[in-house]
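Working notes, structure below.
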Amino acid sequence: MLILFQEMEDKVISPEKAEEAKLKARYPHLGQKPGGSDFLRKRLQKGQKYFDSGDYNMAKAKMKNKQLPTAAPDKTEVTGDHIPTPQDLPQRKPSLVASKLAG
Amino acid sequence: MAGVAGGGGNGNDFQWCFSQVKGAVDEDVAEADIISTVEFNYSGDLLATGDKGGRVVIFQREQENKSRPHSRGEYNVYSTFQSHEPEFDYLKSLEIEEKINKIRWLPQQNAAHFLLSTNDKTIKLWKISERDKRAEGYNLKDEDGRLRDPFKITALRVPILKPMDLMVEASPRRIFANAHTYHINSISVNSDHETYLSADDLRINLWHLEITDRSFNIVDIKPANMEELTEVITAAEFHPHHCNVFVYSSSKGTIRLCDMRSSALCDRHSKFFEEPEDPSSRSFFSEIISSISDVKFSHSGRYMMTRDYLSVKVWDLNMENRPVETYQVHEYLRSKLCSLYENDCIFDKFECCWNGSDGAIMTGSYNNFFRMFDRNTRRDITLEASRESSKPRAILKPRKVCTGGKRKKDEINVDSLDFNKKILHTAWHPMENIIAVAATNNLYIFQDKIN
């Protein structure tokens, strides 16, 4: 009877913890402090970073022969270390027009 | 006016009906058309919307038509203007979005209307005024504006005011800039009608409506070492009656109430609201879903409401250790957190609002569903903003989401929900049962049924 009870306890997991297990299975390298600095810093840096020739040349000079850090191919977001290159630039925004709610 | 949950047919309950929908019908939604804020003014006669393209559209309620007693006042376009334009921060090579994060009306003091609108960095005070008369018969210029030759003028006349088609003009009266390093998430007008606060991720500033070149910093939670950053400010609001009191919420699910009389810098709170958490139930998602996306005081000033990812909580200002009421918005999403994290939906910021009597609260969800909770009867209802149920005065049918395998007729399975159709912004008329619901690029207006 005691052994049965133990098995039952192990099987009852909250849906949240089950989801957590799923996530950790897909991304084993996910940081230990999830709500901490990474998320918050990403939030504080929201905004499209554009190519800046000053940044680019300074970074090139610093790195010398090494490759510049580039953004991960699956992420469109630019991090603080990444120097945008012409390939990363987004499409030009359309010109300002009137709102469709008004018309 | 307290009844909220329709559905039943008994005496005091009423039902929500479709009234109007604004915006384009096409499937291809331009990003600029996405509505980012909705706000009624103090009388409810004006309804303002802001969008990602930096534009503001103001609707005005028409006078009720005596010949058509069953038609309630409809909202029609009153004014529209470009509030903010995209800017570029040259120092950081960052673009500053023109998206309107918040609009807040000022109480009306004369014939003109004033509102504050803000993007990530700059707050603007707009004056919206009407002109319905035009002067005619100037001496020195013709009707078309050309200057007359003064030597050819032989007689003097007094210009007279003639009626003209109503023209509504919006002009920026104040621009409050350069006070926020981080992104502004809230603005709140004080009950003194002279000052207002603006909050970004780490700081809250106090402004005087007349003064644009100075702002007082009243809260600063930036750590000396950014590596030690553990939480950010997510929303802030002034108390509706006590001009010295304001609250701000955090990404950790806590609310701090501050009193500006106690010190100039309100880094130390007067009250700290936090619900105790069971440490054994903590998961990777716990902090993310506890982040408060909106905080709103009740009209009475006795309560405040907070919205986190899965629930809405009502707090009594006299009780800091737990909320007095908790309402589940979409608990069925708890077993979908993994995919909601992967598609970033877990970071969606839903707002919430009170009705005029504080007897009911409303908030949005996915699939263009929105939820209403009646605090007195404890009944709740799920409704949908969709073009399918938009026939004039059509009664809205309650919706239901099922989680299990067996789906009843008219129910929708949680896996069929459209997570791109999010209702983040809703507003409730200050006195009547009229609600405005922003569904991506469309604005829906619903009213209670007239019997």
Side-chain angles (χ1 to χ4, degrees), chain A residues 12-27 30-56 58-59 74-78 80 82-84 88-103, chain B residues 22-24 30-33 35 49 51 53-57 59 77 79-80 82 85-86 88-90 92-98 120 182-183 201-202 226-232 251-252 281-291 334-342 347 441-443:
Chain A
V12 176
I13 304 174
S14 77
E16 221 176 286
K17 290 237 168 101
E19 289 294 295
E20 182 176 14
K22 229 192 271 178
L23 194 70
K24 290 226 161 113
R26 288 186 206 174
Y27 308 100
L30 209 49
Q32 286 303 95
K33 274 179 81 178
S37 306
D38 279 346
F39 282 147
L40 299 182
R41 253 183 280 134
K42 177 172 131 174
R43 187 192 171 125
L44 296 180
Q45 260 177 27
K46 175 193 100 165
Q48 185 67 51
K49 194 165 168 71
Y50 284 90
F51 178 72
D52 183 313
S53 60
D55 283 347
Y56 184 72
M58 278 185 62
D74 53 331
K75 290 280 177 198
T76 51
E77 192 195 300
V78 174
H82 170 218
I83 308 299
D88 301 321
L89 293 184
Q91 282 188 328
R92 186 187 166 277
K93 264 190 163 166
S95 312
L96 302 173
V97 292
S99 166
K100 292 197 182 120
L101 286 184
Chain B
K22 309 278 185 192
E31 182 144 344
D33 291 327
I35 300 169
T49 61
D51 65 23
R55 301 159 302 190
V56 171
V57 181
F59 302 92
V77 180
S79 171
T80 176
Q82 186 78 36
E85 295 188 7
F88 198 74
D89 180 341
Y90 296 98
K92 298 178 196 166
S93 298
L94 282 175
E95 183 185 37
I96 300 168
E97 268 193 300
E98 67 275 34
D120 283 338
Y182 303 98
H183 299 108
D201 294 310
L202 298 178
M226 284 299 271
E227 297 286 316
E228 289 163 29
L229 183 68
T230 54
E231 66 183 325
V232 294
S251 52
K252 275 185 155 179
S281 68
R282 193 163 178 79
S283 77
F284 173 86
F285 304 110
S286 300
E287 194 173 303
I288 303 171
I289 62 173
S290 72
S291 176
R334 199 180 286 271
S335 50
K336 302 287 167 192
L337 292 177
C338 181
S339 31
L340 291 168
Y341 174 85
E342 289 179 299
F347 300 104
N441 62 328
N442 287 155
L443 182 73

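In what follows, chains are A, B, ... by sequence order, proteins preceding strands, each numbered from 1.
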Under 4.5 Å heavy-atom distance to chain A, tell me which part of Arg55(B) shows up: side chain, backbone, both or neither. side chain
Quick one: closest heavy-atom pair of Gln82(B) and Val97(A), and the distance? OE1-O, 4.4 Å
Contacting moiety of Asp89(B), where chain A heavy atoms sit under 4.5 Å: neither
So which part of Ala98(A) gets closer than 4.5 Å to some heavy atom of chain B, the side chain, the backbone, both or neither? backbone
Leu202(B), part contacting chain A, at a heavy-atom distance under 4.5 Å: side chain
Which pair of non-hydrogen atoms, one from Lys17(A) and one from Arg282(B), has the smallest distance, and what is that distance? CE-O, 3.0 Å
Please report the closest heavy-atom contact between Lys22(A) and Ser335(B), naming both atoms and the distance. NZ-O, 4.4 Å
Identify the two heavy atoms, one from Ser281(B) and one from Glu16(A), that lie closest to each other, and give their separation to 0.1 Å. O-OE2, 4.3 Å
Does any backbone or side-chain atom of Glu231(B) lie under 4.5 Å from a heavy atom of chain A? Answer side chain, backbone, both or neither. backbone
Using non-hydrogen atoms and a 4.5 Å limit, figure out which bit of Tyr90(B) sits close to chain A: side chain, backbone, both or neither. backbone
For the atom pair CG (Asn442(B)) and NZ (Lys100(A)), what is the distance rounded to the nearest 0.5 Å? 10.5 Å
Would you say that more than 12 heavy atoms from the other residues, nucleotides or ligands in this model lie under 6.0 Å from the CD of Glu31(B), or not? no
Heavy-atom proximity to chain B below 4.5 Å, by part of Ala102(A): both
Quick one: CG on Leu101(A) to OG1 on Thr49(B), what's the gap to the nearest 0.5 Å? 5.0 Å
Do you know which two heavy atoms are closest between Glu19(A) and Ser339(B), and how far apart they sit? OE1-N, 4.2 Å
Any donor and acceptor pair, going by atom type alone, linking the side chain of Glu20(A) with main-chain N or O of Ser283(B) inside 3.5 Å? no
If you take all heavy atoms of Leu44(A) and Met226(B), which pair is closest and at what distance? CD1-CE, 3.5 Å
